[in-house]
Enquirer: 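Quick one: the structure is below, and I'll ask about it shortly.
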Amino acid sequence: MKYCIEASTSNPETRHGYERGNLSNYDYANTPNGAINWTKAFWERGYWVEIYNSETKELLAGPFNPDEKLPPIFLAHRVIVWVKNGVMHERK
């Protein structure tokens with residue numbers, strides 16, 4: 001599966017219809033770990049982040065609020081990364 005990671009300047013859940021100018025950046029990853037790395041990078045820069053299946057456009061995780069702690073992210077039915085005491089941990 002290929003993942004699409006989108007970084008936005010506002011909460012995607014509170015937008016009304018199609019609002020332009022909110023998508024700031026996006027990238028693709030071929031692995032769950034790659035998707036997590038992009039998610040963390042965008043989130044640390046202060047963006048709202050969502051992870052999609054790039055083929056089906058299904059929302060897999062998020063949106064992640066940049067003003068809150070990054071929660072555990074579940075991809076491929078396992079915990080891949082979590083934050084504890086401000087430190088990111090990864091299970092391989």
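Keep in mind that this is a model prediction, so the values were computed, not measured. The analysis underlying the following values was restricted to heavy atoms, covering all of them including side chains, and did not include hydrogens, waters or symmetry mates.
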Enquirer: Would a line drawn from the ring center of Tyr47 to the ring center of Trp43 be shorter than 6.0 Å?
Expert: no

Enquirer: Is the shortest side-chain heavy-atom distance between Ile73 and Ile51 below 4.5 Å?
Expert: yes

Enquirer: Nearest heavy-atom pair of Lys2 and Tyr28: which atoms, and what distance?
Expert: CE-CB, 3.5 Å

Enquirer: Do Leu70 and Tyr52 share a hydrophobic cluster, counting only Ile, Leu, Val, Met, Phe, Trp and Tyr and linking them when any side-chain heavy atoms are less than 4.5 Å apart?
Expert: no

Enquirer: Please report the shortest heavy-atom distance between Trp48 and Ser10, naming the atom on each side.
Expert: CD1-C, 3.4 Å

Enquirer: Same cluster or not: Phe64 versus Phe42, using hydrophobic residues (I, L, V, M, F, W, Y) connected whenever any side-chain heavy atoms lie under 4.5 Å apart?
Expert: yes

Enquirer: Are any non-hydrogen side-chain atoms of Tyr3 and Asn53 less than 4.5 angstrom apart?
Expert: no

Enquirer: Between the side chain of Ser54 and the main-chain N/O of Cys4, is any donor-acceptor distance below 3.5 Å?
Expert: no

Enquirer: Using a 4.5 Å cut-off on heavy atoms from C-beta on, say whether the side chain of Leu60 contacts that of Met1.
Expert: yes

Enquirer: Decide yes or no for Leu59 and Glu50: does some side-chain heavy atom of the first lie under 4.5 Å from some side-chain heavy atom of the second?
Expert: yes

Enquirer: Are Pro63 and Asn11 side-chain neighbours, meaning at least one heavy-atom pair lies under 4.5 Å?
Expert: yes

